[in-house]
2 protein chains.
Amino acid sequence: MPVTPDVDIISDGSAGASVIGIHAKFGAAETFYAKDEEIYRTGEPADRIYEVIQGAVRSYKVLSDRRRQIFSFHLPNDVFGLEYGPNYRFTSEAVVDTAVRVIRRHSLEHVATTDVRVARDLLNMTANNLRRADDHMLLLGRKLALEKVAAFLLEMDKRLAQTGMIALPMHRRDIADYLGLTLETVSRALS
Amino acid sequence: MPVTPDVDIISDGSAGASVIGIHAKFGAAETFYAKDEEIYRTGEPADRIYEVIQGAVRSYKVLSDRRRQIFSFHLPNDVFGLEYGPNYRFTSEAVVDTAVRVIRRHSLEHVATTDVRVARDLLNMTANNLRRADDHMLLLGRKLALEKVAAFLLEMDKRLAQTGMIALPMHRRDIADYLGLTLETVSRALS
DNA sequence: CGCCACCTTGACTCAGGTCAACTATTGTGG
DNA sequence: CCACAATAGTTGACCTGAGTCAAGGTGGCG
């Protein structure tokens with residue numbers, strides 16, 4: 001007879017806990033990116049990790065013939081650019097004028113080996129990313145255009161509310177590439 | 001000027017390292033499931049973790065109207081059922097007659113707090129799952145039916161070869177629900 | 001003011017879904 | 001060992017949700 005596990009390795013879901021937050025006191029730098037400016041590119045050595053302070057960021061891959069899939073939008077307090085291999089797997093760009101906090105990966109890894117909470121945070125964030133990836137696979141594989149757009153609006157409403165934003169920061173083309181649709185279909189669904 | 005990071009928290013990709021393997025000496029149990037038998041169900045307390053010994057397993061979610069998305073097929077040596085929240089997020093079933101190794105989650109978590117290698121393994125596996133989820137999002141969102149089936153055959157060829165299997169263990173319906181297609185489209189693409 | 005980037009809307013096309021028949025292949029009982 | 005069900009796969013004809021192509025609209029900024 002299954003029982004609810006008594007111990008969790010990670011402190012699931014408590015949105016506040018962030019590796020960068022813990023690490024901030026070590027003097028992470030702030031940087032600004034203009035609208036549409038590239039932050040890093042697929043294949044580049046992944047030696048930095050970012051936290052959005054203000055604005056929005058998109059992470060995506062493109063196929064050879066320009067088809068693009070956006071994997072996620074990063075809003076204020078979101079961490080992105082966290083990799084476990086040597087290189088960035090995505091390209092990330094500022095959707096609007098954006099401020100980020102940057103820390104060096106090796107310095108974070110150094111802290112992670114001594115501070116258990118940081119290591120736990122890393123696992124926690126990766127697990128959260130996996131959860132969102134799974135939900136998004138269900139959306140991409142099995143939902144209709146209208147359901148996709150509805151799900152997107154609900155997701156954004158929830159996330160933007162937390163950061164005090166009011167309007168969607170991204171364009172129709174970005175939404176389309178996030179939902180596996182075309183910009184025209186997104187426009188029609190919103191009408 | 002970016003430099004390749006000198007230290008990796010995880011030992012990326014070395015397929016052999018498995019949490020269960022390390023834990024096996026503590027006396028994990030083997031269990032057998034018949035073709036199509038359910039191993040666990042969405043929402044059930046996630047108190048066990050599994051490793052496939054022989055056979056194949058599918059993990060999926062279904063929408064209210066029976067639309068199904070398969071997130072992954074687990075083949076021999078794959079670990080599945082690893083959760084960080086209290087409940088299983090998927091349903092998992094044996095695709096064919098299947099043997100698995102089972103360990104209790106709380107016992108693994110106990111080991112993880114004392115053995116750093118186990119904790120590292122957990123992060124490693126989760127990162128690998130995330131990588132595969134991202135690749136699959138690109139496939140689901142932006143690839144044509146033929147490209148999806150081609151990608152599936154390449155993936156399976158590679159993975160089955162490692163385990164010495166020859167034929168695809170799963171049905172057209174499973175392949176379709178993995179690729180976001182219908183069974184007829186899969187059948188046509190294979191011809 | 002007028003350009004330019006973004007968005008909307010319409011008409012048409014098409015990739016993939018749906019529905020339906022038919023063909024293996026496998027398993028079961030007599 | 002053969003009937004015959006049952007399950008899985010293939011193939012065809014048709015349909016439709018979303019893509020494509022194209023024409024306007026609209027709002028912000030130099």
Side-chain angles (χ1 to χ4, degrees), chain A residues 34-38 55-56 58 60 62-70 73 93-98 136-153 156 165-191, chain B residues 34-37 55-56 58 60 62-70 73 93-97 136-153 156 165-191:
Chain A
K35 183 175 190 307
D36 294 326
E37 192 179 344
E38 182 178 299
R58 60 178 167 254
Y60 65 86
V62 289
L63 295 174
S64 50
D65 57 347
R66 314 295 301 158
R67 280 176 288 177
R68 182 178 68 154
Q69 179 65 45
I70 292 180
F73 293 109
E93 294 168 350
V95 172
V96 294
D97 289 352
T98 295
H136 208 58
M137 280 194 273
L138 180 60
L139 177 145
L140 290 172
R142 285 300 182 217
K143 289 189 180 171
L144 303 173
L146 248 151
E147 297 175 306
K148 288 182 179 182
V149 174
F152 174 76
L153 290 176
M156 283 302 145
M165 286 172 142
I166 27 156
L168 292 177
M170 68 291 288
H171 294 160
R172 298 289 183 267
R173 154 130 324 269
D174 288 331
I175 301 175
D177 287 345
Y178 180 61
L179 299 177
L181 297 171
T182 59
L183 121 203
E184 291 94 331
T185 301
V186 170
S187 179
R188 281 185 242 272
L190 288 170
S191 307
Chain B
K35 183 175 190 304
D36 293 327
E37 193 179 344
R58 59 177 169 256
Y60 65 86
V62 289
L63 295 174
S64 49
D65 56 347
R66 314 295 300 158
R67 280 176 288 178
R68 183 178 69 155
Q69 178 67 45
I70 292 180
F73 292 108
E93 294 169 349
V95 172
V96 293
D97 290 351
H136 208 57
M137 280 194 273
L138 179 61
L139 177 145
L140 290 171
R142 285 298 181 220
K143 289 190 180 171
L144 303 174
L146 249 151
E147 296 174 307
K148 289 182 179 181
V149 174
F152 175 76
L153 290 177
M156 283 302 145
M165 287 171 142
I166 27 155
L168 293 177
M170 68 291 287
H171 295 160
R172 300 287 184 267
R173 145 114 292 133
D174 288 331
I175 302 175
D177 287 346
Y178 181 61
L179 299 177
L181 298 171
T182 60
L183 123 199
E184 291 95 332
T185 300
V186 171
S187 179
R188 281 185 241 271
L190 287 171
S191 306

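Reckoned from all heavy atoms, side chains included, excluding hydrogens, waters and symmetry mates. Proteins get letters first, then strands, A, B, ... in listed order; numbering begins at 1 in each.
- The side chain of B/Lys35 approaches D/dA8 more closely than any other nucleotide in the set C/dC7, D/dT11, D/dA8.
- Pairing each heavy atom of A/Asp36 with each of A/Arg58, the nearest pair is OD1-NH2, 2.9 Å.
- The CG-C1' distance, from B/Leu168 to D/dG9, rounds to 13 Å in whole Å.
- Closest to the side chain of B/Leu144, from the set D/dG19, D/dA18, C/dA15, is C/dA15.
- Contact check, A/Thr185 against D/dG19: a side-chain N or O comes under 4.0 Å of OP1 or OP2.
- Taking only distance into account, the side chain of A/Glu184 never meets the base of C/dC7 through a donor-acceptor pair shorter than 3.5 Å.
- Between the P atom of D/dT26 and the CZ atom of A/Arg172 lies a distance of 15 Å, rounded to the nearest Å.
- Computed from coordinates, the B/Ile175 CD1 to D/dG9 C1' distance equals 11 Å when rounded to whole Å.
- Counting only heavy atoms from C-beta on, A/Ser191 has its side chain closest to C/dT9 among C/dT9, C/dT18, D/dA18.
- Contact of the A/Asp174 side chain with the A/Phe73 side chain is registered, since non-hydrogen atoms from C-beta on lie closer than 4.5 Å.
- For the pair B/Asp65 and A/Arg142, the salt-bridge criterion is not met [side-chain N within less than 4.0 Å of a carboxylate O].
- Protein atom CG of A/Asp36 is 12 Å distant from nucleotide atom C1' of C/dC6, rounded to whole Å.
- Among the nucleotides C/dT18, D/dT10, C/dG16, the one closest to any side-chain atom of B/Thr182 is C/dT18.
- Distance A/Leu140 CG to D/dA18 C1': 15 Å, rounded to the nearest Å.
- Separating the CD atom of B/Glu147 from the P atom of C/dA15 is a distance of 12 Å, rounded to the nearest angstrom.
- The CG atom of B/Leu179 sits 11 Å away from the P atom of C/dG17 (whole-angstrom rounding).
- The base of D/dG17 does not come close enough to the side chain of A/Arg188 for any donor and acceptor atom to sit less than 3.5 Å apart.
- Between the CZ atom of B/Arg67 and the C1' atom of D/dG17 there is a distance of 13 Å, rounded to whole Å.
- The residue from B/Leu138, B/Leu140, B/Leu139 that alone fulfils the side chain to side chain contact (heavy atoms under 4.5 Å, CB included) condition with A/Leu140 is B/Leu140.
- Contact between B/His136 and B/Tyr178 at its shortest, heavy atoms only, is NE2-O, 2.8 Å.
- Heavy-atom distances to DNA chain C give each of A/Ser187 and B/Leu181 a nearest nucleotide, and the one nearer the 5′ end belongs to A/Ser187.
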